[in-house]
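Inspection log for the structure reproduced underneath, given as C-alpha cells.
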Amino acid sequence: MVEGFRSGIVVPQGLLAHGRGEAFDYLLGECTTEAASYAEMIACGLLIVSKAPIISVNGNTAALCSKEIVELSKVVNAKLEINLFHNSQLRSELIGKVLERNGADEVLGIKPFSKVAFEDISSSRKFIDEDGIAKADTVLLALEDGDRTKALINAGKKVISVDLNPLSRTAQTSSITIVDNLVRAVPNMTKFGRELSGKRKPELLKMISEFNNRTNLLNSIRRIRIG
Ligand code: PTJ
C-alpha cells in the first residue's frame, strides 16, 4: 500500500481506508471465514452466469492485487473498469498501466470520452464507462462507498462487494457481500471460478438462488462477536 501511495496509485485516504479494513481483519482472525468462503463461491457463480459482468477497480485494489484481479477477470470472463472516488486522469492511466503490465487485455474507464455520468451518484464515481458499468448486469467492487452501491442496486444491477466491515452501507446493501480481505478473497474466487466454470448454468442458478445474503452477513457478524 505504501509503495502504491508513493507511485501515485493510492490516495492518502486509501491508506486510512486500508487501516479501517485491518481493524476488522484482526477481529475476524485474519482468515477467510466459512461465511466469506461461501459468499466467494456464490459470487463466482453469479459472475459466470451474468451476461455482462464487470470488475470495478480503484486505487487500493490495484495496489493490493492487480495480478490476481486480472487473473480472476479472465477466469470468470468479466471486464475490468477503473472507477475512482478521488478521480484523476493521471491516476486512471497509472492504474491502467499496472493492470496491463499484469496481463489485462482491455481496461475500461480510462478514456474520458467513453464515460457517461450516472446521475444518482454525487461523487466522481458517477463517471462510468458506457461499454462497462453502464451496460453491466453484475458489478464486483471492493472498498466502496455506500452511495454508489445503492445507486447500482437501484439501477437493477447485482452488486458483489468485498468489504471487511459487515456493517458498512455497502456490505448491508449488496446482493452478495464478501466479508474478507481483498487479498484473500480474490485468489479464493479465482479458484472457485475454475471449479465452477465446468458446471451447467441451471446448476449454478440453483446454487445462487439458495444463497441468502442477510443470513450469511449475520454469520460474519456473529464470528466477529463470538470469535
Ligand atoms: O477510489 P479511490 O482509489 O479514489 O479510493 C477510494 C477509497 C478507498 C479512499 C474510498 O473508497 C474509501 O475511503 O473507502 P471507505 O469508505 O473507507 O470504505 C472502505 C471499506 O473497505 C471499509 O469498510 C473497510 O473496512 C474496507 N476495507 C479496507 N481494506 C480492505 C477492506 N475490505 C476488504 N479488503 C481490504 N483490504
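In each ligand, atom 1 is the first atom listed, and ligand 1 is the first ligand listed. These numbers were taken from a predicted model, which means no experiment stands behind them.
- Within the structure, side-chain hydrogen bond (donor to acceptor under 3.5 Å, both in side chains) contacts touching residues 40-58 (residues at least two apart or in different chains) are E40-N188, S50-T138, S56-R148, N58-T61.
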Anything under 3.5 Å between a donor and an acceptor, one on a side chain of residues 64-74, the other on a protein residue two or more places apart or in another chain? List them.
from : atom 1 : to   : atom 2 : distance (Å)
S66  : OG     : A62  : O      : 2.7
E71  : OE2    : R194 : NH2    : 3.1
S73  : OG     : V70  : O      : 2.7
K74  : NZ     : G103 : O      : 2.6

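- R125 has a carboxylate O that lies under 4.0 Å from a charged side-chain N of D145, or vice versa, which qualifies the two as a salt bridge.
- Using a 4.0 Å cut-off between a side-chain N of Lys or Arg and a carboxylate O of Asp or Glu, E93 and K97 do not qualify as a salt bridge.
- Under the rule for a side chain to side chain contact (heavy atoms under 4.5 Å, CB included), the partners of V11 that lie at least two apart in sequence or sit in another chain are Q13, H86, R91.
- In this structure, D147 does not pair ionically with K126, as no charged nitrogen and carboxylate oxygen lie closer than 4.0 Å.
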Ligand 1 N/O to protein N/O, distances under 3.5 Å:
from     : atom 1 : to   : atom 2 : distance (Å)
ligand 1 : 1 (O)  : F85  : N      : 2.8
ligand 1 : 3 (O)  : G59  : N      : 2.9
ligand 1 : 3 (O)  : R91  : NH1    : 3.2
ligand 1 : 3 (O)  : R91  : NH2    : 3.3
ligand 1 : 4 (O)  : F85  : N      : 3.3
ligand 1 : 4 (O)  : H86  : N      : 2.9
ligand 1 : 4 (O)  : R91  : NH2    : 2.6
ligand 1 : 11 (O) : R125 : NH2    : 2.9
ligand 1 : 11 (O) : L143 : O      : 2.9
ligand 1 : 17 (O) : R20  : NE     : 3.0
ligand 1 : 17 (O) : R20  : NH2    : 2.7
ligand 1 : 23 (O) : D163 : OD1    : 2.8
ligand 1 : 23 (O) : D163 : OD2    : 3.4
ligand 1 : 32 (N) : L164 : N      : 3.2
ligand 1 : 34 (N) : L182 : N      : 2.9
ligand 1 : 36 (N) : N181 : OD1    : 3.0

